[in-house]
Number of protein chains: 2
Amino acid sequence: MTDTEWLRLDRQICFSLHAASRAFNSVYRLILKDLGLTYPQYLVMLVLWEQGDLPVKKLGERLRLDSGTLSPLVKRLEGAGLVRRERSAQDERSVRVHLTEEGAALRERALEVPRRIMSSTGLDLTEVVDLHARLERLTTALDAAAEAEARAAG
Amino acid sequence: MTDTEWLRLDRQICFSLHAASRAFNSVYRLILKDLGLTYPQYLVMLVLWEQGDLPVKKLGERLRLDSGTLSPLVKRLEGAGLVRRERSAQDERSVRVHLTEEGAALRERALEVPRRIMSSTGLDLTEVVDLHARLERLTTALDAAAEAEARAAG
DNA sequence: CACAACTGAGTTGCACACAACTAAATCGAC
DNA sequence: GTCGATTTAGTTGTGTGCAACTCAGTTGTG
């Protein structure tokens, strides 16, 4: 392959991933509009519905987001009345995010989201599970590479 | 599948895509730091290196980005001395983006990027091409679904 | 020609994402 | 017990991404 071909391939790959990510975001935006949630806010709510109350730190680990992203996001969820933030008594540094009644109730209305997303992808269950596995492997490899780059850069 | 299982699957899928996209972004950020480019700026430069000067409108079509994103981005590239913006004489509404000498020269230094990205993914050429095809199909389906949603919402 | 509809860029406002930083609380070595 | 290192949130600044808007220029219709 020539250098030019490599650049073209890179354009295709990085563009297609970028585009797929934004297309997903766009579909979620449309579907989540009724719930008054953004895509990242929905991710936070999914974790809370699944795992119950969590400190911001744990939320960040689950979602791989840092406090710079999570702090204002959780504040907006609090402003919408979906969660409550409470400083832990044991460790005053830690802030635990609780679902409010309204936040817990929103789960019922969110139940239709996955099916609508699934049908939007045009994929069947097997393909979705397969895609999930591929993306997980890819992310693991990329994280390892980023780690290696960071070490190399010093 | 129960409702709870659907929600869990949705969390897994939307999270894994989100995470993969950010992991890619992160690796590109590290590799592009030397070139002084962000990931979207690199996408713009790739298109310009490949296709030559283009009006902002065409750039937007190629990258599926609107003027709200492109205008400030191109201005930053201009500030970095990589491109020049010139209003078309034929159609005063149109602004054509030209590579400067410096911008054209940057291509030489960008030639190593694709190989570094490829090795970061841990995928071979066949898998990358396959991934590209899958993502294209997925994006097409998602775009069609978004279109349908938008029509339904009226 | 006149004027309404459209088009291409650009601006504004909002919500991530992330780097770099601060501040407060906790932990650990001594 | 004290003081420095670490940990947890939060803040600030930059750069997207997108909706909604403005503005200037162009086009189509009568």
Side-chain angles (χ1 to χ4, degrees), chain A residues 14-15 17-30 32-33 36-44 54-61 63-80 85-97 143 146 150 153, chain B residues 14-15 18-30 32-33 36-44 54-61 63-80 83 85-97 143 146 150 153:
Chain A
C14 76
F15 171 71
L17 196 93
H18 204 57
S21 171
R22 284 185 293 133
F24 243 103
N25 208 316
S26 179
V27 169
Y28 270 106
R29 188 185 356 263
L30 278 163
L32 293 174
K33 198 165 54 181
L37 292 174
T38 66
Y39 183 46
Q41 287 167 10
Y42 173 64
L43 278 169
V44 168
L54 285 175
V56 172
K57 178 68 197 275
K58 289 285 179 196
L59 262 181
E61 283 170 9
L63 300 171
R64 296 154 141 304
L65 290 172
D66 68 3
S67 66
T69 300
L70 271 181
S71 287
L73 192 160
V74 171
K75 280 194 176 180
R76 279 187 284 271
L77 287 177
E78 188 175 40
R85 292 179 309 137
E86 277 172 21
R87 278 236 169 237
S88 160
Q90 294 81 38
D91 186 341
E92 291 271 337
R93 291 170 305 180
S94 179
V95 169
R96 184 167 277 265
V97 182
D143 283 346
Chain B
C14 76
F15 171 70
H18 205 58
S21 171
R22 283 185 294 133
F24 243 103
N25 208 316
S26 178
V27 169
Y28 270 105
R29 190 186 352 266
L30 278 163
L32 293 174
K33 199 165 53 182
L37 293 174
T38 66
Y39 183 46
Q41 287 166 10
Y42 174 63
L43 277 169
V44 168
L54 286 174
V56 172
K57 179 67 198 280
K58 289 285 179 195
L59 261 181
E61 284 169 10
L63 300 171
R64 297 153 101 34
L65 291 171
D66 69 1
S67 66
T69 300
L70 271 181
S71 286
L73 192 159
V74 171
K75 279 195 174 181
R76 278 187 284 272
L77 288 178
E78 187 176 39
V83 305
R85 292 181 308 139
E86 278 171 21
R87 251 180 217 274
S88 159
Q90 294 79 40
D91 186 341
E92 291 271 338
R93 291 171 305 182
S94 178
V95 169
R96 185 167 276 266
V97 182
D143 283 346

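Chain identifiers are assigned alphabetically (A, B, ...) following the order of the sequence lines, protein sequences preceding nucleic acid strands; residue numbering begins at 1 within each chain. This one's a predicted model, so the numbers in the text were calculated from it and none came from an experiment.
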Taking only the side-chain nitrogens and oxygens of [X], find out if one of them lies under 4.0 Å from OP1 or OP2 of [N].
X: A:His18; N: D:dT16; value: no
X: A:Lys75; N: D:dT11; value: yes
X: B:Gln41; N: D:dT16; value: yes

So does [Y] get a backbone contact from the side chain of [X], meaning a donor-acceptor N/O pair under 3.5 Å?
X: A:Ser67; Y: A:Leu70; answer: no
X: B:Arg87; Y: B:Glu92; answer: yes
X: B:Gln41; Y: B:Thr38; answer: yes

Revision key, fill the gap. Heavy-atom nearest nucleotide on DNA chain C taken for A:Ala89 and for A:Thr69; more 5' hit belongs to A:Thr69
Exercise for review: Any chance you could measure B:Ser21, atom OG, to A:Phe24, atom CZ, to the nearest 0.5 Å?
Suggested key: 11.5 Å
Practice item. Could you tell me the separation between the CG atom of A:Leu65 and the CG atom of A:Leu43, rounded to the nearest 0.5 Å? Key: 8.0 Å
For [X] and [N], give me the distance from atom [atom1] to atom [atom2], rounded to whole Å.
X: B:Leu65; N: D:dA19; atom1: CG; atom2: P; answer: 12 Å
X: B:Tyr39; N: D:dT16; atom1: OH; atom2: P; answer: 13 Å
X: A:Arg29; N: D:dG17; atom1: CZ; atom2: P; answer: 12 Å
X: A:Leu59; N: D:dG10; atom1: CG; atom2: C1'; answer: 15 Å
X: A:Leu70; N: D:dT11; atom1: CG; atom2: C1'; answer: 14 Å
X: A:Asp66; N: D:dT11; atom1: CG; atom2: C1'; answer: 12 Å
X: B:Lys57; N: D:dT26; atom1: NZ; atom2: C1'; answer: 13 Å

Study note, to complete from the structure: First and last nt of DNA chain C near chain B, cut-off under 4.0 Å to heavy atoms, 5' to 3', are C:dT7 to C:dC18
What's [X] touching, base or sugar-phosphate or nothing? Going by heavy atoms closer than 4.0 Å.
X: B:Ser94; value: sugar-phosphate
X: B:Arg96; value: nothing
X: B:Leu73; value: sugar-phosphate
X: B:Asp91; value: sugar-phosphate
X: A:Thr38; value: sugar-phosphate
X: A:Pro72; value: nothing
X: A:Glu61; value: nothing

Point to revise | Partners passing ring pair (Phe, Tyr, Trp, His ring centres under 6.0 Å) against B:Tyr39 (at least two apart in sequence or in another chain) | key: A:His18, B:Tyr28
**Study point:** Short side-chain donor-acceptor distance under 3.5 Å, B:Ser94 and B:Ser88
**Key:** no
Exercise for review: Please examine the side chains of A:Val74 and A:Val97, heavy atoms only from C-beta on, and report whether any two atoms are closer than 4.5 Å.
Suggested key: yes
Review point. With a 4.5 Å limit on heavy-atom distance, are the side chains of A:Pro55 and A:Arg96 in contact?
Key: yes
**Study point:** Given D:dG17, D:dT26, D:dG15, the nucleotide with the shortest approach to the side chain of B:Glu92
**Key:** D:dT26
Practice item. Among D:dA9, D:dG17, D:dT8, find the nucleotide with the atom closest to the side chain of A:Arg93. Key: D:dT8
**Study point:** A:Arg64 atom CZ, neighbour heavy-atom count above 12 within 6.0 Å
**Key:** no
Study note, to complete from the structure: Nearest-nucleotide check on DNA chain D, A:Asn25 vs A:Arg85; residue mapping nearer the 5' end is A:Arg85
Point to revise | Most 5' of A:Ser26 and A:Pro55 on DNA chain D, judged by nearest nucleotide | key: A:Pro55
Check your understanding: Which dot-bracket notation, 5' to 3', represents the base pairing of DNA chain C when pairs are defined as Watson-Crick or G-U with both distances under 3.5 Å, crossing pairs as [ ], and inter-strand pairs as |?
Key -> ||||||||||||||||||||||||||||||
Review point. Would A:Glu78 and A:Arg85 pass as an ion pair if we require N to O under 4.0 Å?
Key: yes
